Amino acid sequence: MLDITLCRRDPDRIRRSAIRRGSDPSFVDEILRLDERHRLALTDLETKKAEKNRLSAEIAKASDRAAAAASLRPQIAALDGEIASLDALAKSLAPDTPDSPLRELLVQSPNVVDESTPDGADASANVVVRTWGTPRTFPFVARPHWEIGEKLGILDFERAAKLSGSRFAVLRGLGARLSRALAQFFLDRAAARGYVEIAPPYLVTQQTMWRTGQLTKFSDAMFADLEAGLYLIPTAEVPLTALHGDEIFDATALPIRYAAYSPCFRKEAGAAGKDTRGLIRQHQFEKVELVRIERPEDSFAALEAMTADAAALLEELGLPYRVLSLCAGDLSFNSAKTYDLEVWLPSSNEYREISSCSNCTDFQARRAQIRWRREPKAKLELVHTLNGSGLAVGRTLLAVLENYQQEDGSVVVPEALRPYVGADRIAAAE
RNA sequence: GGAGAGAUGGCAGAGCGGUUGAAUGCGGCGGUCUUGAAAACCGCUGAACCCUCACGGGUUCCGUGGGUUCGAAUCCCACUCUCUCCUCCA
């Protein structure tokens, strides 16, 4: 949700951001116009209410209250009429009235793009910030992970389809174990870097979804039981960020770092025909999500740190990757700045997203009302929230299979995972 | 799923329908005293929004939403949540 105060104070900044995202900035003028009308109505309303309160207080002070009430009744009744109509008008214009035009504009507008986010209209303008590792050269044709996995008997897409349709996978034996090993590895590393592990609910209310801004982003991409009013989380970012909704921190409580391992559920409605094979795009996948709650002045440094936290995992696993700074046009709704981590996939000779780290600044905090106090008596401020994958388990698993595949079809387990997997190689079962 | 109890400020806990945004205690902040600290004492101590350059003024908020009334934390209705007991279950 956009900050109405910022719109008033620095409308050009909002306009600039909209233009950089590739949208029409004229809504800013509409916001200012509606805001002006609302404040006028509010002032009128409050004046009338003050008058009425004064009359009521007179009755309270009178020695004969009944008589006072009787004599003032006509005046009060007149005020009541004016108050009712002014109240209706003010409400219809208010920024916090659910379907008011002003509210709609503030709520539907994406976050203000940070200055350091590169210009550009779409993914082709994303900037490679750095690249790590050298893709391995294979003396044979590198196979895609689904072939490797099926041959090893650790991935079973056919039976998954029998159970649940397309975009599901069954992991078996060391495949299942490798998946669990990755999750455990990620969580252990997160803990070592100061993230507190959280096991959140996977079903959340519509309000929780709304608070983190997912309802606009994933609304038709989410699984839900509308009757029960519960949504399956598309990412643990949702419960982690909303965890402290309506709370006020004192300065010593910040920063907060959370890590959660959770399944994620997505309809992938807009991705028909894309990535239909393998583990890349599933209706259900697991992920370790990192969330940080920061002081505003620290949030961009925290984004660098969080991105480094995620990247360190790939480095420890020996998986080549690159870091992209997403351009303004490719930035998601909530984000002011995003780094994507892309891992190297030898079967397709390309880098694929395995983590996305975003600084949502105060955008989600405003919706969720997560605030803090700089000094004991200071005014309340919104915190900044950040989230990033650290990492997506399924995609890491497939990256391991592809990057560590051997000519005989077996897969070497990366050193760092061996204690977790309990094996240094995955070979075909007899 | 059935029965009951409850929801008030950071916490605990009062609150006859009338100057109650809310007693009291704890906590927190500031001060006096002290070499320092503690204790004691004094003062302050919720939020959002609007008007104002400012001083200041105003409106709203006692789970949520309605209603009664000139006036509601207090009365009425609905809902939500929490707790206890039963049922069920992992």
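Every chain is numbered from 1, with letters handed out A, B, ... down the list of sequences. Predicted, not measured: the structure shown is a model, and the values here were computed from it. Atom set for the values below is all heavy atoms of this structure, side chains included, hydrogens, waters and symmetry mates excluded.
For Arg37(A), the CZ atom counts as loosely surrounded, since its 6.0 Å shell holds 12 or fewer non-hydrogen atoms of other residues, nucleotides or ligands. In this structure, Arg425(A) places its CZ atom where more than 12 heavy-atom neighbours from other residues, nucleotides or ligands lie under 6.0 Å away. Within a 6.0 Å radius of CD in Glu297(A), other residues, nucleotides and ligands contribute more than 12 heavy atoms.
U80(B) sits 47 Å from A38(B) when the C1' atoms are compared, rounded to a whole Å. Using atom C1' as the reference point in both U60(B) and C16(B), the two lie 26 Å apart (nearest Å). A gap of 13 Å separates the C1' atoms of G13(B) and A22(B), to the nearest Å. Atom P of U64(B) sits at a distance of 34 Å from the matching atom of C53(B), rounded to the whole Å. Rounded to the nearest Å, the gap between the P atom of G4(B) and that of A78(B) is 14 Å. Nucleotides G10(B) and G46(B), compared at atom C1', are 9 Å apart to the nearest Å. For the C1' atoms, the distance linking U52(B) with G15(B) amounts to 36 Å, nearest Å. For the P atom pair drawn from C41(B) and U82(B), the interatomic distance equals 42 Å after rounding to whole Å.
Of the charged side-chain nitrogens involved, at least one lies within less than 4.0 Å of a carboxylate oxygen, so that Asp246(A) and Arg211(A) count as a salt-bridged pair. Using a cutoff of 4.0 Å between basic side-chain nitrogens and carboxylate oxygens, Asp275(A) and Arg281(A) are scored as salt-bridged.
At the heavy-atom level, Lys61(A) lies under 4.0 Å from base atoms of the strands shown. When heavy atoms are screened at a 4.0 angstrom cut-off, Ile59(A) is found touching base atoms of the nucleic acid. Contacts of Leu72(A) with the nucleic acid, taken as non-hydrogen atoms under 4.0 Å apart, are absent. The residue Arg54(A) sits apart from the nucleic acid: no heavy atom pair falls under 4.0 Å. Here Ala57(A) lies out of heavy-atom contact (under 4.0 Å) with every strand. When heavy atoms are screened at a 4.0 angstrom cut-off, Leu45(A) is found touching no nucleic acid atom at all. Nucleic acid contact class of Arg8(A) (heavy atoms, under 4.0 Å, all strands): sugar-phosphate only. Within the 4.0 angstrom heavy-atom criterion, only backbone atoms of the sugar-phosphate kind lie near Asn53(A); the bases stay farther away.
Both Lys49(A) and Arg65(A) sit near RNA chain B, but only Arg65(A) has its closest nucleotide nearer the 5' end. Toward the 5' end of RNA chain B, the nearer of the two residues Ala66(A) and Asp35(A), judged by each one's closest nucleotide, is Ala66(A).
Within the structure, every pair that satisfies the salt bridge (Lys or Arg N to Asp or Glu O under 4.0 Å) test and touches residues 175-202 of chain A, not counting sequence neighbours, is listed here: Arg189(A)-Glu316(A), Arg193(A)-Asp309(A).
You can see that RNA chain B meets the heavy atoms of chain A within a 4.0 Å-exclusive cut from G18(B) to G71(B), reading 5' to 3'.
Summarising the base pairing, C85(B) is matched to G2(B) through a Watson-Crick or G-U wobble pair whose two defining distances lie under 3.5 Å. Both distances falling under 3.5 Å, in either a Watson-Crick or a G-U wobble arrangement, place G27(B) opposite U45(B). Summarising the base pairing, U80(B) is matched to A7(B) through a Watson-Crick or G-U wobble pair whose two defining distances lie under 3.5 Å. Across all strands shown, the partner of U32(B) is A40(B), judged by Watson-Crick or G-U wobble contacts whose two distances both fall under 3.5 Å. The pairing partner recorded for A73(B) is none, the criterion being a Watson-Crick or G-U wobble arrangement whose two distances lie under 3.5 angstrom. If you check A54(B) for Watson-Crick or wobble pairing at under 3.5 angstrom, you find it has no partner at all. As the counterpart of G17(B), no nucleotide is assigned, since no Watson-Crick or G-U wobble pattern has both distances under 3.5 Å.
Put simply, the side chain of Arg292(A) never gets that close to the backbone of Pro255(A): no donor and acceptor are under 3.5 Å apart.
Two rings, from Phe249(A) and His244(A), have their centers less than 6.0 Å apart.
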Indicate every side-chain donor-acceptor pair of residues 379-401 of chain A with a distance under 3.5 Å to a residue at least two apart or in another chain.
from: Glu381(A); atom 1: OE1; to: Arg374(A); atom 2: NH2; distance (Å): 3.1
from: Glu381(A); atom 1: OE2; to: Arg374(A); atom 2: NE; distance (Å): 2.7
from: His384(A); atom 1: ND1; to: Ser299(A); atom 2: OG; distance (Å): 2.8
from: Thr385(A); atom 1: OG1; to: Gln364(A); atom 2: OE1; distance (Å): 2.7
from: Asn387(A); atom 1: ND2; to: Glu237(A); atom 2: OE2; distance (Å): 3.3
from: Ser389(A); atom 1: OG; to: Ser356(A); atom 2: N; distance (Å): 3.3
from: Arg395(A); atom 1: NE; to: Ile280(A); atom 2: O; distance (Å): 3.0
from: Arg395(A); atom 1: NH1; to: Glu353(A); atom 2: O; distance (Å): 2.9
from: Arg395(A); atom 1: NH2; to: Ile280(A); atom 2: O; distance (Å): 3.0
from: Thr396(A); atom 1: OG1; to: Ala392(A); atom 2: O; distance (Å): 2.5

